[in-house]
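Below, all heavy atoms of this structure are taken into account, side chains as well, without hydrogens, waters or symmetry copies.
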Amino acid sequence: MDLKSNRNRRSRLFICFKWAFEGLMYALQTERNVRIHFTAAIVVLGAAFAFNFSYYERLLLFGVIGFVIGMELVNTAIERLVDLVSPGEHPLAKRAKDVGAAAVLTAVCVAVAVAMTIFFHHFM
């Protein structure tokens with residue numbers, strides 16, 4: 001493998017990360033729920049570090065937070081795609097958006113249950 005092709009691979013990888021970061025910034029700027037989830041994540045992780053939660057408890061919190069934010073980003077992508085292919089009202093477009101929202105709700109319920117279990121263990 002020559003140096004030039006290795007440099008091209010790194011450049012393409014950098015561009016992929018740049019696009020992903022642009023997508024995250026777009027979601028943060030345009031989606032209220034993404035901002036809410038990020039704010040909640042900061043509060044929960046701040047409390048986890050302030051109250052000296054164990055490594056594994058923090059790891060679990062990071063995991064469920066990543067799951068929720070990831071699902072919220074997928075839901076945003078689904079909503080934008082549905083809006084693109086079905087600008088008018090259509091029952092299937094509504095179903096696609098509803099199911100995307102249900103995926104986020106499921107992730108949030110799991111994250112809240114995990115967080116409540118960990119916090120309950122520390123404070124009761």
Partner set under salt bridge (charged side-chain N to carboxylate O under 4.0 Å, His left out) for E22, not counting sequence neighbours = K18

request  = Mind jotting down which residue pairs meet the ring-ring contact (aromatic ring centres under 6.0 Å, His included) criterion with at least one end in residues 7-49? Sequence neighbours excluded, please.
outcome  = none

ask   = Which residues, ordered by chain and number, are linked to I78 in its hydrophobic cluster, where ILVMFWY side chains connect at heavy-atom gaps below 4.5 Å, directly or through other members?
value = V74, V82

request  = Grab the two heavy atoms, one from L73 and one from A27, that are nearest each other, plus how far apart they are.
outcome  = CD2-CB, 3.4 Å

key: Spacing of CG belonging to L60 relative to OG belonging to S54, to within rounding of 0.5 Å   = 9.0 Å

ask   = Listed by chain and number, what are the side chain to side chain contact (heavy atoms under 4.5 Å, CB included) partners of E31, not counting sequence neighbours?
value = V34, T76, E79, R80

remark   = Note: with side-chain heavy atoms under 4.5 Å as the link, the other cluster members for V112 come out as F67, V68, M71, V104, V108, M116

inquiry  = Apply the hydrophobic cluster definition, ILVMFWY joined by side-chain contacts under 4.5 Å directly or through others, and give me every member besides F120.
reply    = M124

ask   = Could you give all pairs that pass the side-chain hydrogen bond (donor to acceptor under 3.5 Å, both in side chains) test and reach residues 91-105, with sequence neighbours left out?
value = D83-K97, K94-D98

ask   = When clusters are formed by joining ILVMFWY residues with side-chain heavy atoms under 4.5 Å apart, either directly or through shared neighbours, do F62 and I118 land in the same one?
value = yes

request  = Work out which heavy atom in L61 is nearest to a heavy atom in A48; give both atom names and the distance.
outcome  = CD1-CB, 3.8 Å

Residue pairs, two or more places apart or on separate chains, that pass side-chain hydrogen bond (donor to acceptor under 3.5 Å, both in side chains) and touch residues 102-124 = E57-H122

Residue pairs involving residues 69-91 (criterion ring-ring contact (aromatic ring centres under 6.0 Å, His included); sequence neighbours excluded) = none

remark   = A47 meets the side chain to side chain contact (heavy atoms under 4.5 Å, CB included) criterion, sequence neighbours left out, with F51, F119

message = Could you list the cluster mates of L105? Members are the ILVMFWY residues connected by side-chain heavy atoms closer than 4.5 Å, either directly or through other members.
response = none

query = Who pairs with I65 by side chain to side chain contact (heavy atoms under 4.5 Å, CB included), at least two apart in sequence or on another chain?
reply = A41, V44, L45, I69

